[in-house]
Amino acid sequence: MRSWSLLVTLGLFACSASSGNNGNNGTGGSGAGIGTGGTASGGSGAAVSLDGGTDATPPAVAHLQGKVFAPQGALPISGALVYLTSGSVDPIPSGVYCDRCVNLPSGVPYTFSAPDGSFNLPAYATGQSTLVVQKGQFRRVRTIDITAGDQSVATALTTLPKKTDAAQGDNIPNMAVVIGQWDAIEVSLAKLGLGQLQPGFLGLGSDVVPGSASFAMINGPDAFLSNPAELDKYQVIFIPCSGSSGTECDATLPGNATVQKNLQDWVAKGGKLYVTDYSYEYIRQSWPGYIDWYGQSSSLGSACQGDAYDAPATVKDSDMAAWLAATGVSNFTVDQSWTIIDKVNAVSTTDLDGNPATVTPKVWVEGQVPNVGVKPTTVSFVRSCGRVLFSTYHTESSSGGPTSPLLPQEAALLYVLLEVGVCVSPTVPR
């Protein structure tokens, strides 16, 4: 059997998963498309979809039961793929790559985790096998001895890794954070288990311990964003709220034609770009037309708001809402927004094969903006083989220390981070 690896999406621009023979018993999230860095039947770096695999499977002799957790060990992961294989699992590429969807061979025992992270995976043979737990490019591969009947799976096998360790069977996406003046995404990533925190960050009570982060922290974006070879080392890049020279709404760098082309090319290759707040011009200048910002004009920085606002939120994606409910969140407010999205637009473009396609950004979360009305606050769109995502609000907590609970919007960062790493079908969904 050829080896493969898989990524799951919430329905964002992914291949659709059929119910198939996954033994899921209703635990999988809808719209769970799949993909990523294995070889499957599609060659190196190919992704996998569940459009096939409808042949009859033998009776299950065992059921593996457990829960999938985030790297910090407590937050449940919804829609994670859990499967068994008797073959080896090829490594996920370390740099940017195009993650195309291909068909999953039939007869493979697989399932998806429920919103609370739980899963029930059928097994068709006892003895030693390889258990793969994957969401996005976070993947843990471990050997497991399968015995007949119901079998509880230890959380050590089903907790997503904190760092890449190929020898142990662990992988996380190669990520870079361009350090901003105001939105400390690196703190949120550390709180999600990808780094260690210590007192003393901007008076907010936490900072990333030097050398502890499982992601790169880029100080000074000019050289980084001007170097295509540096961008190509990463699969996910965060550009949080910041003026390019430390001045509010200074959009000199996102207005640079070389930077725009570098970002466009990197995303087209399969990169995932996450931008927040005052850094919106990186999207408006590089991908005009997809998003209109409230107050924008032809001038750079024209859509920056003078004051921050908080907005009662409505989650527009049903899978995301179900996951938040499973974590105890039913209502929340997105804090510290500094821009306002006016609307998203359908754009005539091309898919990853150069064929004509129309793309409309997906709205994940809306907010009741004071004196304006209900507007999108988190949106994303596909461009060729990559993804672009924007949030109007700061990600990190505005109070508390390293042990303070995650804000709902911080937890949502992990959700979107995992969901944005999806396989791409040859034709972009319209």
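Everything quoted here is computed from the prediction, not taken from an experiment.
Residues Ile172 and Arg139 fail the side-chain proximity criterion, which asks for heavy atoms closer than 4.5 Å. Using a 4.5 Å heavy-atom threshold, the side chains of Gln151 and Gln65 count as separate. Annotation: side chain of Trp338 is not in contact with side chain of Thr392 (no heavy-atom distance under 4.5 Å). A heavy-atom distance below 4.5 Å is not found between the side chains of Tyr290 and Val388. Residues Val365 and Thr314 are not in side-chain contact: their nearest non-hydrogen atoms beyond the backbone lie 4.5 Å or more apart. Proximity of Leu131 to Leu121: side-chain heavy atoms (C-beta onward) are separated by under 4.5 Å at one or more points. Using a 4.5 Å heavy-atom threshold, the side chains of Thr85 and Val132 count as touching. The closest side-chain heavy-atom distance from Phe215 to Leu189 is below 4.5 Å.
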- Query: Given Trp364 and Ser380, is the side chain to side chain donor-acceptor pair (under 3.5 Å) satisfied, shown in steps?
  - Reply: CA-CA 8 Å; Trp364 296 82; Ser380 65; 2.8 Å; yes
- Task: Carefully, step by step, assess Val236 and Asn174 under the rule side chain to side chain contact (heavy atoms under 4.5 Å, CB included).
- Result: CA-CA 6 Å; Val236 182; Asn174 206 1; over 6 Å; no
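Residues that satisfy the side chain to side chain contact (heavy atoms under 4.5 Å, CB included) test with Lys375, not counting sequence neighbours, are Ile340, Asp342, Val369, Val372.
Applying the salt bridge (Lys or Arg N to Asp or Glu O under 4.0 Å) test to pairs two or more places apart or on separate chains, none has a residue in residues 62-72. For residues 310-336, the set of pairs meeting the ring pair (Phe, Tyr, Trp, His ring centres under 6.0 Å) definition, not counting sequence neighbours, comprises Trp323-Tyr415.
Aromatic pair Phe390/Trp293: centroids less than 6.0 angstrom apart.
Here the OH-CG distance, from Tyr393 to Asp277, works out to 9.5 Å after rounding to the nearest 0.5 Å. For the atom pair CZ (Arg387) and CG (Asp99), the distance works out to 8.5 Å, reported to the nearest 0.5 Å. Rounded to the nearest 0.5 angstrom, Leu253 CG and Gln260 CD are separated by 9.5 Å.
A donor atom on one side chain and an acceptor atom on the other are found under 3.5 Å apart for Thr349 and Arg383. For the residue pair Thr378 / Ser391, a side-chain donor-acceptor distance below 3.5 Å is found, with atom types taken as modelled.
Atom CG of Asp150 is surrounded by more than 12 heavy atoms from other residues, nucleotides or ligands within 6.0 Å.
Salt-bridge check for Asp292 with Arg284: failed, with every basic side-chain N at 4.0 Å or more from each acidic carboxylate O. Using a 4.0 Å cut-off between charged nitrogen and carboxylate oxygen, Lys269 and Asp265 do not count as a salt-bridge pair.
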